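Presented below is the structure to which this report refers.
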Amino acid sequence: MQTEEETTALPPKEEFSAWYNDLLWRAEIMDVRYPVKGVYVWFPFGFSIRKLTYAILRQLLDKDHQETLFPLLIPEQEFMKEAEHIKGFEEEVYWVTHGGLTELDVKLALRPTSETAIYPMYALWVRSHADLPLKLYQIVNTFRYETKHTRPLIRLREITSFKEAHTVHATWDEAAAQVEDALALYTTFYQHLCVPILISRRPEWDKFPGADYTMAVDTVMPDGKTLQIGTVHHLGDHFSRTFDITYENQNGEQQLAYQTCYGISERCIAALISMHGDDKGLILPPEVAPVQVVVVPIIVGKRRDEVLAAARTIRDQLEAAGLRVKLDEREIRPGAKYYHWEMRGVPLRVELGPRDLDNGVVTAVTRSKEKSTIPAASLIEGVQALLEQVRNTLATTGGQHLAAHLKQVETMDDLKVAIEEGVAIVHWCGDKACADRIEEETEASVLGTEVRSSLVSKTEGRCLVCGRAGTTTLIGRSY
Ligand SMILES: Nc1ncnc2c1ncn2[C@@H]1O[C@H](COS(=O)(=O)NC(=O)[C@@H](N)CS)[C@@H](O)[C@H]1O
Ligand SMILES: [Zn+2]
């Protein structure tokens, strides 16, 4: 997409915002030049990362969900049915009011999320106990008129990669069990991406509009701010009551169903990029790397043809082994090639020069700069072992990053320091007045309680604001 290979360096990663914005351009992830605020364009390379990432999400969901597709346009009377939901979205929803020159008699909402598109159909589909549990998902674009600072992959007005699952169950408890299954699925998904997560229960005032409760999946970005990269909502019977989703139970009575819904957006890509990248660009876990191995022939003088031929053979062998491999034959110096592919997060580079040829080896360099030689005879095993090593390194460093940005504190003064670097663990009594005090004193807020993380032990203690009995609570600044 770019004209010439820019060799100017990225801003250092500690200038996270500048680094992130420049990287989206230089690694050809998203083009932010589209003339609508909060709406961005996937470059093909970025889109291939999305494709690989969402293939993992689909593979996990398809175990016991079915994928489907509902309309984008939601008629006003359906959208306006559930009071809580309206309150939560009325300032964000886009409306279509005309078809061509004709004013529509019923204005249509662009789905901000699809409860009010899906649930009228669920009311038609769910008739008896035998129809339950119903577990469907779709991966679509959704639209939210965000008034806070929009940012590619993080806060968009057109959310391009909105995976939303909507399930229907016979009882409240079965829906609660589904919430747990969804959290387990998200945990597995983020393990594949080597992105460390914190799971907690959002405070009442921050739950999804119309939900009984919301469980959230957060990660900590390099600047210490949290990013909500997934949510799971227990909807109770709020929507089934509103949309008349009932089933005939064993005694032939009409019974209200219980529901959940849970979503992930392209924020998962933002987390992937931000967690692992360095000053030279992306570092991608091999599972989601569009190019897993780049082969760079070191072409010197008279043995050029011999080296090139050997490099092509290596490329063919790696491809035959099912790896995504690129042979870079461009007539530019090797250093410029290293730069190009490091920027794009290629986990492993294989160099081949005349000396390697004579010794019957290739030189392998991982994206985190470990250098080794692999005998040509065991090329595939050697490469696969190194790719596994890159993945394990990313999982370890991700976990260390999270641990380093989590701090237990007991006083407001210590809290102010802790939330500058990351997430604070405190005891909070659960009273909103104390949470408001925390928000007044710091720009941070209550992320959640009932924390699920091996790094956070649940203890009793005194609320750091009022001194009453409190439970383990996460406080942090967030995107
Ligand atoms: N403007 C946005 N840009 C990018 N991602 C967003 C945006 N708004 C929300 N998200 C992501 O989408 C996820 C699901 O959104 S949500 O409002 O929490 N939940 C729902 O809409 C429910 N219907 C579950 S699908 C959030 O956890 C967040 O990670
Ligand atoms: Zn308190």
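Order of appearance sets the numbers: ligands from 1, and atoms from 1 within every ligand. Keep in mind it's a predicted model, so treat the numbers as computed, not measured. Hydrogens, waters and symmetry mates play no part in the numbers below; they use all other heavy atoms, side chains included.
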Fill in the blank from the handout: Angle subtended at the Zn ion (ligand 2) by C434 SG and C463 SG, to the nearest 10 degrees, is 120°

Handout entry: Least distance between heavy atoms, M221 atom then I154 atom
Key = CE-CD1, 4.0 Å

Counting only pairs under 3.5 Å, give me each side-chain donor-acceptor contact of residues 75-88, with atom names and distances, residues two or more places apart or in other chains.
residue	atom	partner	partner atom	Å
E78	OE1	K81	NZ	3.1
E78	OE2	K81	NZ	3.4
E82	OE1	E84	N	3.1
E82	OE1	H85	N	2.7
E84	OE2	K87	NZ	3.2

Practice task
To the nearest 10 degrees, calculate the angle at the Zn ion (ligand 2) involving SG of C466 and SG of C429.
Solution key: 110°

Handout entry: Any donor-acceptor pair under 3.5 Å from H169 side chain to A176 backbone
Key = no

Exercise for the section: Would you mind listing every salt bridge (Lys or Arg N to Asp or Glu O under 4.0 Å) that reaches into residues 152-170, with sequence neighbours excluded? Expected result: E146-R155

Handout entry: Test salt bridge (Lys or Arg N to Asp or Glu O under 4.0 Å) applied to K416 and E421, E441, E440, the passing residue
Key = E441

Which N/O atoms of ligand 1 sit under 3.5 Å from a protein N/O, and at what distances?
residue	atom	partner	partner atom	Å
ligand 1	1 (N)	E146	OE2	2.7
ligand 1	1 (N)	L156	O	3.0
ligand 1	3 (N)	L156	N	3.1
ligand 1	5 (N)	S265	OG	2.8
ligand 1	5 (N)	R267	NE	3.4
ligand 1	17 (O)	R144	NH1	3.0
ligand 1	17 (O)	R144	NH2	3.2
ligand 1	18 (O)	T231	OG1	2.8
ligand 1	19 (N)	H233	NE2	3.0
ligand 1	21 (O)	T113	OG1	3.3
ligand 1	21 (O)	R144	NH2	2.9
ligand 1	23 (N)	T113	OG1	2.7
ligand 1	23 (N)	E115	OE2	2.5
ligand 1	27 (O)	Q228	NE2	2.8
ligand 1	27 (O)	T231	OG1	2.8
ligand 1	29 (O)	Q228	O	2.7

Problem - Y122-D131 side chain donor-acceptor pair, cut-off 3.5 Å - result: no

Handout entry: With sequence neighbours excluded, residues passing side chain to side chain contact (heavy atoms under 4.5 Å, CB included) with A271
Key = V195, T219, I229

